[in-house]
Amino acid sequence: NFSFIDAVNFIIDNSSVEISDLLRSTTKPKDVWDWEKFLGRYIRNASSYSDNYVYDSQILKFFPKIYHTSFLEDNISIETMEKFGLCFYPRNQQIVIPIYNEHMELVGLQSRNLIPEKINRGLKYQPTKLLNGDEYKFPTSTVLYGLGQNRENIIKTKTARLFEGAKSVLQMEDILDCNNTVAMFGMNMSKYKRQ
């Protein structure tokens, strides 16, 4: 009943080797499996992990600033959608939610599908994928939604309110005087996110 990341964390937590003590080699034998590349996204102490996944924010110009009524009906104002950079992908009938790191660098795009058939297949949210095949995946294990936009409020209040999904952070923007919320993209809090 454990997820893959739970298994990786168990191995790291129960080994006698500290990750900071590992030496990285720049040369690799050709016949050796590149475990570091495969498992690197799960190393919780990698301080610059999110920097490796920064996308050019110019991609957002591709999507029109259309605000879907379903978000308005869920008490997310147009001002909030503008602040967080929400837009729309008409061809795929998706609300596009830009994902930023704490430095306000674009690290991914999450799409909220509006087509019932996709939602019924369990694809309510998924990384945004363009016609040319470009997919804007992001590491959900290391990103807190809203941290870039709400960082100053978190520092000011010395408190961060945690939610499961990004939509809650958007809703809190119009409820709280000082929005200090972030979302975890699920119910699992990794040590990386906590730090």
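Numbers here are sequence positions counted from 1.
- Judged by distance alone, the side chains of Glu173 and Asn179 do bring a donor and an acceptor atom under 3.5 Å apart.
- No single ILVMFWY cluster, assembled from side-chain heavy atoms under 4.5 Å apart, contains both Tyr55 and Phe185.
- Atom-to-atom distance recorded for Ile95:CD1 and Gln110:CD is 11.0 Å, nearest 0.5 angstrom.
- No donor-acceptor pair closer than 3.5 Å links the side chain of Gln149 to the backbone N or O of Lys83.
- Closest approach of Asp74 to Gln171, counting heavy atoms only: O-NE2, 2.8 Å.
- Listed for the Tyr67 side chain is no donor-acceptor partner under 3.5 Å among the backbone atoms of Ser77.
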Between Thr142 and Val107, does a side-chain contact (heavy atoms from CB on, under 4.5 Å) hold up when you go through it step by step? CA-CA 11 Å; Thr142 62; Val107 295; over 6 Å; no
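- In terms of heavy atoms, Leu106 sits closest to Ser57 at CD2-CA, 3.8 Å.
- Under the 3.5 Å distance criterion, the side-chain polar atoms of Asn101 are matched with a main-chain donor or acceptor of His103.
- Put simply, the side chain of Asn113 never gets that close to the backbone of Ile115: no donor and acceptor are under 3.5 Å apart.
- No single ILVMFWY cluster, assembled from side-chain heavy atoms under 4.5 Å apart, contains both Ile154 and Tyr100.
- Note: Tyr136 OH to Ile99 CD1 = 14.0 Å, rounded to the nearest 0.5 Å.
- Side-chain contact check for Phe63 versus Ile59: some heavy-atom pair is nearer than 4.5 Å.
- With values rounded to the nearest 0.5 angstrom, Lys124 atom NZ is found 10.5 Å from Leu114 atom CG.
- Note that OG1 of Thr157 is 12.0 Å distant from CG of Asp177, once rounded to the nearest 0.5 Å.
- Atom CG of Asn132 is surrounded by more than 12 heavy atoms from other residues, nucleotides or ligands within 6.0 Å.
- Looking at Asn150, its side chain does come within 3.5 Å of a backbone N or O of Thr181 through a donor-acceptor pair.
- Of all non-hydrogen atoms in Gly146 and Val182, the two that sit nearest each other are C-CG1, 4.0 Å.
- Heavy-atom neighbours of Lys118 NZ from other residues, nucleotides or ligands within 6.0 Å: above the threshold of 12.
- By the rule that hydrophobic residues join a cluster once side-chain heavy atoms approach within less than 4.5 Å of another member, Val96 and Ile66 end up as members of separate clusters.
- How far CD of Glu152 is from SG of Cys178: 10.0 Å, rounded to the nearest 0.5 Å.
- With contacts defined as side-chain heavy-atom distances shorter than 4.5 Å, the pair Phe84/Ile76 does not qualify.
- Residue Tyr145 comes nearest to Ala166 through the heavy atom pair CD2-CB, 3.4 Å, listed as atom of the first residue, atom of the second, then distance.
- No hydrogens or angles considered: a donor-acceptor pair under 3.5 Å links the side chains of Gln94 and Ser111.
- Between His68 and Phe88, the two ring planes are parallel [angle under 30°; tilted spans 30° to 60°].
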Show your reasoning for whether side-chain contact (heavy atoms from CB on, under 4.5 Å) applies to Arg112 and Ile119. CA-CA 9 Å; Arg112 167 55 162 97; Ile119 296 169; 3.4 Å; yes
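- Note on Phe62: it does not cluster hydrophobically with Ile97, by side-chain heavy-atom contacts below 4.5 Å among ILVMFWY residues.
- No hydrogens or angles considered: nothing links the side chains of Asn180 and Thr159 as a donor-acceptor pair under 3.5 Å.
- A pairwise comparison of heavy atoms in Lys65 and Gly85 identifies NZ-O, 3.8 Å as the closest pair.
- Residues Val169 and Leu72 fall within the same hydrophobic cluster, defined by Ile, Leu, Val, Met, Phe, Trp and Tyr side chains chained together at heavy-atom separations under 4.5 Å.
- We find the OG1-CG distance between Thr128 and Asn92 to be 8.5 Å, quoted to the nearest 0.5 Å.
- The shortest non-hydrogen separation linking Pro64 to Cys87 is O-CB, 3.3 Å.
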